[in-house]
Amino acid sequence: MRKRKNFETESPAEEDDDNDKDEDGDDDDKKFTSKNLDSKPSLSKIFIFCLIGRIINSLLVQTYFNPDEHWQALEIAHRIAFGYGHQTWEWEKGIRSYLHPVIFAALYKVLAFLHLDSPWFMIRSPRLLQSVFAAFGDLYVYKFSRALFGGSVAEWALFAQLSNWFLFFCMPRTFSNSLETVLTILSLYYWPCLRRSATAVPSGSRKYALAIAVIACAVRPTSAITWIYVGCLELFSTRSKLKFIFLEVVPIGGIVLGLTFLLDYHFYGSWVIVPLNFLKFNIFSSGGDYYGTHAWHWYLTQGFTVMLFTYIPFTIAGIIMSKEWKLPGLVVWVLGIYSLLGHKEFRFVLPVLPVALMFSGYSLANLGRAERSKGGSDSHIRRTPKLELAVLFLLVTNVPMALYMSMIHQRGTEDLMNYLAEEATENNVESIFFLMPCHATPYYSTLHRNLPMRFLDCTPSDEKGILDESDQFLADPIDFTTKLVQTWNRPSHIVLFDSEEKPLKEFLASHHFKEIRRFFHSHFKVDRELQASVVLYAFQGHCIGDDTKFCSDG
């Protein structure tokens with residue numbers, strides 16, 4: 001056996017890569033390109049290319065998307081690593097596993113040990129770490145596409161993966177969904193039932209597939225929706241059904257889940273069955289509906305269509321041309337099951353987006369078929385006009401969208417906390433009150449100073465019709481704030497959106513707060529009225545630290 005590079009020896013299943021061209025993709029490659037497959041780029045070069053791309057991607061992502069990126073991952077990780085950080089109600093009810101935050105807690109510990117826990121590293125290093133995971137996901141999109149359809153399709157599938165606006169916008173973020181997506185594509189690659197020929201994959205690869213799938217479920221219990229579909233396919237296609245269930249699914253699932261239960265026991269201090277609690281709250285009791293509901297067809301008419309964006313016609317064409325039904329069936333299954341739930345979000349169906357984009361790669365490869373030059377027997381590769389127009393169309397529509405959403409739309413709350421983190425290192429901040437909808441900004445994981453901070457609570461109430469603090473404030477900012485000051489410990493800084501600032505200007509002035517910074521946030525509204533900017537006010541009644549700009553005139 002010839003020597004392989006380290007990351008190509010992850011499992012025996014890797015050894016089938018060289019055989020993919022003979023057993024799965026040979027005919028397809030002859031169809032799509034006249035290049036010899038032996039000249040295909042090495043996996044190491046592809047991974048390095050993806051890694052550099054995702055690192056740049058992570059540095060370009062400077063906007064706020066969803067609270068869970070910070071509050072359900074980094075905030076908990078910061079609490080584990082440094083002993084302070086806010087723990088939301090989900091952790092009190094035991095519906096989140098510590099498996100995901102522990103990854104970033106380890107990163108924080110390394111930064112602290114190296115004395116690199118400065119604002120720059122604390123803000124950017126988690127997304128840089130996630131970009132490494134994302135690069136592995138990109139690599140396996142290439143590998144999986146090559147195993148199924150050949151090298152030419154794999155190259156165009158990778159192009160689709162890297163140029164899709166939503167993956168650019170979301171994959172470097174520290175959502176559990178982002179890690180779930182990487183684990184999903186890794187696991188799908190190893191499942192024999194998803195190959196055109198099960199003999200192309202060594203039998204041992206199924207164990208790797210199962211282990212990765214169970215980890216995905218531990219990170220995000222709703223990932224089970226994906227693996228129910230794939231597991232049924234495997235059960236139907238395998239000859240040794242009892243072996244699959246009792247010698248693989250049960251022991252592998254038991255070991256992996258058992259280890260995660262031990263991890264959660266260590267941090268919770270008691271036995272907590274997180275997957276059961278998660279499913280009970282979000283699926284069986286519709287607890288997620290507290291945060292809003294959508295029509296059943298939302299993923300089909302808005303959610304997934306926006307994520308695929310201009311790749312939609314190419315994905316549909318690729319599915320039709322490939323005559324492959326198992327993976328499109330997975331996409332339909334996942335979208336269908338999630339459509340039954342009231343609360344819907346883009347990121348919930350993120351794991352099947354790379355699967356859909358693989359078929360865009362198939363149709364693009366079909367547009368770029370090699371043509372022989374007239375009067376010669378040698379092959380002359382050229383890009384067809386249709387392919388050039390398609391690539392130009394996809395880049396023109398996806399790149400501006402990716403850059404706008406990643407660098408401009410809703411960046412104010414990130415810029416605000418980055419600024420406060422720098423100010424806190426100079427001892428110019430004593431305490432902060434966020435007079436805005438709950439979880440609208442990053443928190444201790446960005447500030448990285450153990451200062452008093454307060455935000456408006458939005459914990460779901462067991463009694464229907466009871467408004468939380470956040471809703472009470474939005475309903476009547478003046479009345480809510482007037483009552484609040486009777487019991488508050490006056491902060492040195494107040495943060496609010498410009499939409500709530502207008503009715504509170506007089507109140508803030510009467511309590512000696514003065515605007516010191518304003519950060520652009522958004523050009524258009526999302527869930528509520530337009531929040532064009534984030535405004536930072538400072539109390540002017542006394543000096544804060546050594547900075548005289550926070551002192552009153554007297």
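Quick caveat: nothing in here was measured; it's all calculated off a predicted structure. Just so you know, these numbers use all the heavy atoms, side chains as well, and skip hydrogens, waters and symmetry mates.
With hydrogens and angles left out, the side-chain atoms of Glu414 and His70 include a donor and acceptor closer than 3.5 Å. With hydrogens and angles left out, the side-chain atoms of Asn57 and Ser131 include no donor and acceptor closer than 3.5 Å. At a cut-off of 3.5 Å, with distance as the only test, a side-chain donor of Thr459 or Asp457 sits close to an acceptor on the other residue. Side-chain N/O atoms of Arg96 and Thr88 include no donor and acceptor closer than 3.5 Å.
For Ala218 against Leu99, the heavy-atom pair with the smallest separation is CB-CD2, 3.8 Å. Closest approach of Thr184 and Pro351 over heavy atoms only: OG1-CB, 3.8 Å. Taking both residues in full, the closest heavy atoms of Phe104 and Pro126 are given as CE2-O, 3.6 Å, listed atom of the first, atom of the second, then distance. Here the shortest heavy-atom pairing between Trp71 and Trp91 reads O-NE1, 4.4 Å. Residue Pro172 comes nearest to Leu167 through the heavy atom pair CD-O, 3.9 Å, listed as atom of the first residue, atom of the second, then distance. The nearest pair of heavy atoms linking Tyr190 to Leu186 is CD1-O, 3.2 Å.
Between Ile103 and Leu179, some side-chain heavy-atom pair lies under the 4.5 Å cut-off. Considering only heavy atoms from C-beta on, Phe348 stays 4.5 Å or farther from Thr222 through its side chain. Using a 4.5 Å cut-off on side-chain heavy atoms (C-beta onward), Leu350 and Phe175 make no contact. In this structure, Pro67 and Tyr443 have side chains that are not in contact, with every pair of non-hydrogen atoms separated by 4.5 Å or more. Residues Leu387 and Val391 are in side-chain contact: their nearest non-hydrogen atoms beyond the backbone lie under 4.5 Å apart. Within the 4.5 Å cutoff, no side-chain heavy atoms of Tyr108 are placed close to those of Ile80. Inter-residue side-chain proximity for Phe169 and Thr63 is flagged as met; some heavy-atom pair is nearer than 4.5 Å. In this structure, the side chains of Tyr362 and Ile320 stay at 4.5 Å or more apart for every pair of heavy atoms.
No donor-acceptor distance shorter than 3.5 angstrom exists from the side chain of Thr315 to the backbone of Phe359, with no hydrogens or angles considered. Here the side chain of Ser178 pairs no donor or acceptor atom with the backbone of Thr174 at under 3.5 angstrom. One N or O on the side chain of Glu234 and one on the backbone of Cys193 form a donor-acceptor pair closer than 3.5 Å. With hydrogens and angles ignored, the 3.5 Å screen pairs no side-chain donor or acceptor of Arg146 with any backbone N or O of Ser152. Checked by atom type and distance alone, the side chain of Ser97 never pairs as donor or acceptor with a backbone atom of Asp264 at under 3.5 Å. When atom types are taken as modelled, the side chain of Asn398 and the backbone of Trp165 share a donor-acceptor pair closer than 3.5 angstrom. In terms of modelled atom types and a separation under 3.5 Å, the side chain of Trp298 and the main chain of His343 share no donor-acceptor contact. Put simply, the side chain of Ser237 gets close to the backbone of Leu233: a donor and an acceptor are under 3.5 Å apart. In terms of modelled atom types and a separation under 3.5 Å, the side chain of Gln87 and the main chain of Ile76 share no donor-acceptor contact. A donor-acceptor distance shorter than 3.5 angstrom exists from the side chain of Ser470 to the backbone of Cys438, with no hydrogens or angles considered.
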Decide yes or no on side-chain contact (heavy atoms from CB on, under 4.5 Å) for Lys143 and Ile46, but give the supporting numbers first. CA-CA 10 Å; Lys143 285 163 61 69; Ile46 290 173; over 6 Å; no

Quick one: do Leu327 and Phe144 satisfy side-chain contact (heavy atoms from CB on, under 4.5 Å)? Show the steps, please. CA-CA 11 Å; Leu327 290 173; Phe144 194 26; 3.9 Å; yes

Taking it one step at a time, do Phe49 and Asp138 satisfy side-chain contact (heavy atoms from CB on, under 4.5 Å)? CA-CA 10 Å; Phe49 173 76; Asp138 298 335; over 6 Å; no

Quick one: do Ile55 and Val132 satisfy side-chain contact (heavy atoms from CB on, under 4.5 Å)? Show the steps, please. CA-CA 7 Å; Ile55 288 174; Val132 177; 5.6 Å; no

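With Phe244 as the aromatic partner, Lys241 does not meet the cation-pi criteria of under 6.0 angstrom to the ring centre and within 45 degrees of the ring axis. Judged by the 6.0 Å and 45° rule, Arg54 forms no cation-pi pair with Phe168.
Trp296 CH2: 12 or fewer foreign heavy atoms inside a 6.0 Å radius. A 6.0 Å sphere centred on NZ of Lys326 holds more than 12 heavy atoms belonging to other residues, nucleotides or ligands. The environment of CG in Leu242 is sparse: at most 12 heavy-atom neighbours from other residues, nucleotides or ligands sit within 6.0 Å. Within a 6.0 Å radius of CZ in Phe267, more than 12 heavy atoms belonging to other residues, nucleotides or ligands are found.
To the nearest 0.5 Å, the span separating CZ on Arg124 from CG on Leu129 amounts to 16.0 Å. Atom CG of Leu148 sits about 6.5 Å away from atom CD of Glu324, to the nearest 0.5 Å. For the atom pair Ile252 CD1 and Ile212 CD1, the distance stands at 10.5 Å (nearest 0.5 Å). Gln72 contributes atom CD, which lies 7.5 Å from atom NE2 of His439 (distance to the nearest 0.5 angstrom). Between atom CZ of residue Arg220 and atom CD1 of residue Ile225 there is a gap of 9.5 Å, rounded to the nearest 0.5 Å. Between the OG atom of Ser205 and the CG atom of Leu210 there is a distance of 9.5 Å, given to the nearest 0.5 Å.
Ring to ring, Tyr299 and His294 are not that close: their centroids are 6.0 angstrom or more apart. Side-chain rings of Tyr98 and His266 stay apart, their centers remaining 6.0 Å or farther from each other. Aromatic ring centres of Phe314 and Trp156: separated by at least 6.0 Å.
Looking at Glu69 and Arg127, a side-chain N of the basic residue comes within less than 4.0 Å of a carboxylate O on the acidic one, giving a salt bridge.
Across Cys50, Ser163, Ser145, a single residue satisfies side chain to side chain contact (heavy atoms under 4.5 Å, CB included) together with Leu158, and that is Cys50.
Between Tyr140 and Tyr189, the ring planes lie perpendicular to each other; the angle is over 60°, past the 30° to 60° tilted range.
Residues passing the ring pair (Phe, Tyr, Trp, His ring centres under 6.0 Å) test with His297, sequence neighbours excluded: none. Under the ring pair (Phe, Tyr, Trp, His ring centres under 6.0 Å) criterion, Tyr311 pairs with no residue at all, not counting sequence neighbours.
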